[in-house]
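See structure below.
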Amino acid sequence: IIIEEEESIEEELEEQLFSGKGPHVLKPNNDITLLEQEALDISLAKPILVPGKLHIVKGVLKGPGEDAVTRWVLNCGGLFLIPDLELLERPPLLNQENLPIEEKPKFSELLSERRTHSDGMGDLLRWWTFDDESAVVTTHSVLVPAHKGLTATGSKWILNGVSGSLHQNF
């Protein structure tokens, strides 16, 4: 009964979050540490929006046991696990730039994880692999806030404001 209540609460939250006309704009986390490591200047960059897909993936992790999981996966210039998700109330009027979106993503590599498991003789790290065949995926079109700039050599870069990933030389 408790599991069914948790699932219905998650579904209600998802319906409230993505109600109304899309695409919805994700809220950025404003982490620019990757730019600082690459010696790129955010003050010279322009804010943009990047179209992407947000997948809500429900499935089974298999290890010493089985565990049902639900994860948010951003498909925008690669697949990225998003721990916290917030939407902006109004979409900003910004230019758009495209990054590649995987047409048929495989979630097993991204969602598999190492977990501790106790078998009576102490805790051991074990791989829990995500079963792609058990995946139930709901997809929403989203716009991802980002910054676009140029390096000193003139090549373009885009910093994804949600995943924090840096895309160069595209």
Side-chain angles (χ1 to χ4, degrees), residues 10 13-14 16-61 69-115 127-170:
E10 286 176 3
L13 178 65
E14 180 183 331
Q16 291 173 357
L17 198 59
F18 293 103
S19 64
K21 188 178 172 187
H24 301 280
V25 181
L26 302 179
K27 187 174 182 179
N29 63 13
N30 298 324
D31 183 12
I32 60 168
T33 55
L34 195 54
L35 282 182
E36 293 167 354
Q37 292 172 0
E38 295 288 328
L40 298 172
D41 190 2
I42 190 83
S43 65
L44 301 175
K46 294 180 181 176
I48 60 169
L49 293 173
V50 180
K53 301 284 183 192
L54 182 71
H55 304 289
I56 301 164
V57 183
K58 297 177 183 178
V60 176
L61 279 176
V69 295
T70 302
R71 301 284 190 264
W72 303 91
V73 178
L74 179 61
N75 187 350
C76 180
L79 295 177
F80 303 97
L81 194 58
I82 306 298
D84 297 318
L85 182 75
E86 290 184 58
L87 298 179
L88 294 177
E89 290 183 25
R90 291 189 212 157
L93 298 174
L94 298 172
N95 290 333
Q96 291 189 15
E97 189 83 29
N98 290 319
L99 287 174
I101 296 174
E102 293 188 31
E103 291 298 319
K104 295 182 180 179
K106 298 276 186 215
F107 299 106
S108 59
E109 188 174 321
L110 179 68
L111 298 180
S112 295
E113 59 188 47
R114 290 184 62 137
R115 292 184 175 180
W127 272 107
W128 291 66
T129 55
F130 184 79
D131 182 17
D132 274 325
E133 293 178 10
S134 71
V136 176
V137 182
T138 307
T139 303
H140 298 280
S141 293
V142 294
L143 293 171
V144 180
H147 282 86
K148 173 182 162 183
L150 293 173
T151 64
T153 60
S155 60
K156 292 194 293 186
W157 57 265
I158 292 180
L159 177 69
N160 183 321
V162 175
S163 69
S165 60
L166 183 62
H167 305 275
Q168 295 182 335
N169 303 324
F170 56 94

| said: Quick check: do L40 and L166 have side-chain heavy atoms less than 4.5 Å from each other? | reply: yes
- Query: Does the distance from a Lys or Arg side-chain N to an Asp or Glu carboxylate O, for E113 and R71, drop under 4.0 Å?
  - Reply: yes
Tightest non-hydrogen contact, residues K27 and L88, listed as CG-CD2, 3.9 Å
Sorted by chain and number, sequence neighbours left out, side chain to side chain contact (heavy atoms under 4.5 Å, CB included) with L150 holds for K156
Sorted by chain and number, sequence neighbours left out, side chain to side chain contact (heavy atoms under 4.5 Å, CB included) with S155 holds for T151, T153, N169
Do W72 and L81 have side-chain heavy atoms sitting under 4.5 Å apart? no
Just so I know, are the side chains of L74 and N160 near enough to count as touching, which here means a heavy-atom distance under 4.5 Å? yes
message: Taking L54's backbone N and O only, do any of them form a donor-acceptor pair with N75's side chain (distance below 3.5 Å, no angle check)?
response: no
Sequence neighbours excluded, the answer for side chain to side chain contact (heavy atoms under 4.5 Å, CB included) partners of Q96 is L49, P51, L143
Residues passing the side chain to side chain donor-acceptor pair (under 3.5 Å) test with E102, sequence neighbours excluded, are none
Exercise. Find out whether L111 and V73 are in side-chain contact, i.e. whether some heavy atom of one side chain is under 4.5 Å from a heavy atom of the other.
Key: yes
| task | Verify whether one side chain among H167 and S165 offers a donor that lies under 3.5 Å from an acceptor in the other. | result | yes
Residues L94 and P47: closest non-hydrogen pair is CD2-O, 3.9 Å
Do H140 and I56 touch side chain to side chain, with heavy atoms closer than 4.5 Å? yes
Taking every heavy atom of P28 against every heavy atom of P145, the minimum-distance pair comes out as CD-CG, 3.7 Å
The single option from N95, I158, V50 that satisfies side-chain contact (heavy atoms from CB on, under 4.5 Å) with K148 is I158
Taking every heavy atom of P92 against every heavy atom of V25, the minimum-distance pair comes out as CD-CG1, 4.1 Å
Distance col, row L159:CG vs W157:CH2, nearest 0.5 angstrom, shows 6.0 Å
- Query: So, do K53 and S141 sit near enough that their side-chain heavy atoms are less than 4.5 Å apart?
  - Reply: yes
*asked:* Is it the case that the side chain of S134 and the backbone of V60 share a donor-acceptor pair, with hydrogens and angles ignored and the cut-off at 3.5 Å?
replied: yes
Contacts of H147 meeting side chain to side chain donor-acceptor pair (under 3.5 Å) (sequence neighbours excluded), chain-then-number -> none
D132 meets the side chain to side chain contact (heavy atoms under 4.5 Å, CB included) criterion, sequence neighbours left out, with K106, F107, S108, F130
All heavy atoms of V144 vs all of C76, minimum pair found to be CG2-SG, 4.2 Å
